[in-house]
Chemist: 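Handing you this structure, nothing more for now.
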Amino acid sequence: MTGKKFKNISMDGLFRNNPTLRLVLGTCPTLALTTSAMNGIGMGLAVTFILLCSNTLISLLRKVIPNEVRIPSFVLIIATFVTIVRMVMEKFIPDLYSALGVYLPLIVVNCIILGRAESFASKNPVLDSSLDGIFTGLGFTWALTMIGAIREILGSGSIFGLELWSFKIEFFTSAAGAFFTYGVVIALFNGLFASIENRKRRKEFKLLYPSYEVDLPNKDKSENKIAKEAK
Amino acid sequence: MGTFLMIIISAVFINNFILVQFLGICPFLGVSKQTNNAFGMGMAVTLVMTITCLITYPIYEYVLTPLGLQYLEIIVFIFVIASLVQMIERAIKKFSPSLYNAMGVYLPLITTNCAVLGVAELVIDKAQIMSLLGIKAMNLGVAVGYGFFAGLGFTLAIVLMSGLRIKIDKLNINPSLKGFPITMIAASFMAMAFYVFNLIA
């Protein structure tokens, strides 16, 4: 494994193809379990562990599993790991187990895990697949923790259970607040990624044509210019 | 009769699957661009959810519990659902081609729909479902009824959303809000409207 490949896989999982913020997969647990930052971390780490195990095993078995029955086999492998995680969690972390509730068994039908199995683990060697599992899972974890922290600070005036102030906006702990926060966070990240991409494109353009002075067509700016001229 | 009414109100409005319990968000976002598609998807989900409850509840109650194999529930349920969906698809194709044209496309998608596995898991969690519905005894009839009306609640939400989206897509808004984020914010207002039913209860 080269350093470049490692960087590629990690950046893809954490930022470029972040399952929550970029691909918008696994929406149900994101909306339901971000009432607090702690729940977000718990769910994220459970998913990370299952992703790591399922990606590794599927990658090991990728030449054994016949193509026609690959989806049922993937589902069986994932369901087995979910069952194991559920039993361990019920025994050792009962608080988190009851907080996650019905969403813990629902990890089986989480699109992230089946998606990574189908698009990455069934085609790539073991080490790459396990790394991809870890980093996709961590990308999911940090996104969930961030949304959970926003909702917890605004909705219950605390973070990770520590009380900050008594100012609360109940809206953010309700179901409506979940949809709203998630929508706004995605919009912000869309804007951020668009501006990063735009800057990169400008740089490449300048490298290619150093003497070319004119800016790339920027929609907002040209619209502003037209508006100014009209005045 | 009181129980029946309670199931309807609770499953369709108070604990709406999409807007309150966050189950089945993927089809809610993916198939809500046109009203007739949304309706077909909703009906297909309702059908599968009803039959799933009819089969998984007895399996858990009379097979897994007496044998002490409750921990196998996830694996058993997902396989029951997957084979069920296949069978329903074949049956509909054979007996009613017009119905197959209306909802056949959506059936394969339903296997990995959280709403279906979610209802199977909810129905066997007796303490939770009884407090949710405000009833004292749990049986197969309640389970199947809950599955059916939860499916109708899903249909209601997805059809309402498709109506909203036709309007939303015409709006001239910031490009980073377009598509998914604005749909989420619209869903947030719908969830607020459904919260009113919670206050009535």
Chemist: Are B:Y100 and B:F95 an aromatic pair, judged by ring center distance below 6.0 Å?
Modeler: no
Chemist: Given a strict heavy-atom distance threshold of 4.5 Å, which part of A:F193 is in contact with chain B: side chain, backbone, both, or neither?
Modeler: neither
Chemist: Roughly how far, to the nearest 0.5 Å, is CD1 of B:I92 from CE of B:M87?
Modeler: 12.5 Å
Chemist: Tell me, for A:L114 versus chain B, whether the close heavy atoms (under 4.5 Å) come from the side chain, the backbone, both or neither.
Modeler: side chain
Chemist: With a 4.5 angstrom heavy-atom cut-off, is it the side chain or the backbone of A:F189 that approaches chain B, or both, or neither?
Modeler: neither
Chemist: Chain A heavy atoms under 4.5 Å from B:F194: which part of the residue, side chain, backbone, both or neither?
Modeler: neither
Chemist: Heavy atoms only, distances under 4.5 angstrom: which of A:F180, A:F171, A:Y182, A:F179 has the most pairs with chain B? Name it, please.
Modeler: A:F179
Chemist: I'd like to know if the side chain of A:E90 and the backbone of A:Y97 have a donor-acceptor N/O pair within less than 3.5 Å.
Modeler: no
Chemist: Which atoms of A:T30 are under 4.5 Å from chain B, going by heavy atoms: the side chain, the backbone, both sets, or neither?
Modeler: neither
Chemist: On a heavy-atom basis, which atom in B:M49 and which in B:F17 lie closest, and how many Å separate them?
Modeler: CE-CE2, 3.8 Å
Chemist: I'd like to know which of B:Y71, B:F180, B:F77 tops the heavy-atom pair count under 4.5 Å against chain A.
Modeler: B:F180
Chemist: Do A:I112 and A:F140 make a side-chain contact, defined as non-hydrogen atoms from C-beta onward lying under 4.5 Å apart?
Modeler: yes
Chemist: For A:A194, is it the side chain, the backbone, both, or neither that has a heavy atom closer than 4.5 Å to a heavy atom of chain B?
Modeler: neither
Chemist: Taking the side chain as C-beta and beyond, is there a heavy-atom pair between B:I18 and B:I25 under 4.5 Å?
Modeler: yes
Chemist: Flag the one option from A:G191, A:C111, A:A175, A:G26 with the top tally of heavy-atom pairs under 4.5 Å to chain B.
Modeler: A:A175
Chemist: Hey, are B:K126 and B:E61 close enough for a salt bridge, meaning a charged N less than 4.0 Å from a carboxylate O?
Modeler: yes
Chemist: Answer with side chain, backbone, both or neither: which region of B:A187 has an atom nearer than 4.5 Å to a non-hydrogen atom of chain A?
Modeler: both
Chemist: Any salt bridge between A:E204 and A:R199, counting N to O under 4.0 Å?
Modeler: no
Chemist: Among B:L19, B:V20, B:L72, B:L122, single out the residue with the greatest number of heavy-atom pairs under 4.5 Å to chain A.
Modeler: B:L19
Chemist: Kindly state whether the ring of A:F15 and the ring of A:F135 have centres lying under 6.0 angstrom apart.
Modeler: no
Chemist: What residue in A:L188, A:V184, A:V109, A:L192 has the most heavy-atom pairs under 4.5 Å with chain B?
Modeler: A:V109
Chemist: Just so I understand: if I count every heavy-atom pair under 4.5 Å between each of A:V102, A:L76, A:T181 and chain B, which residue has the most?
Modeler: A:L76
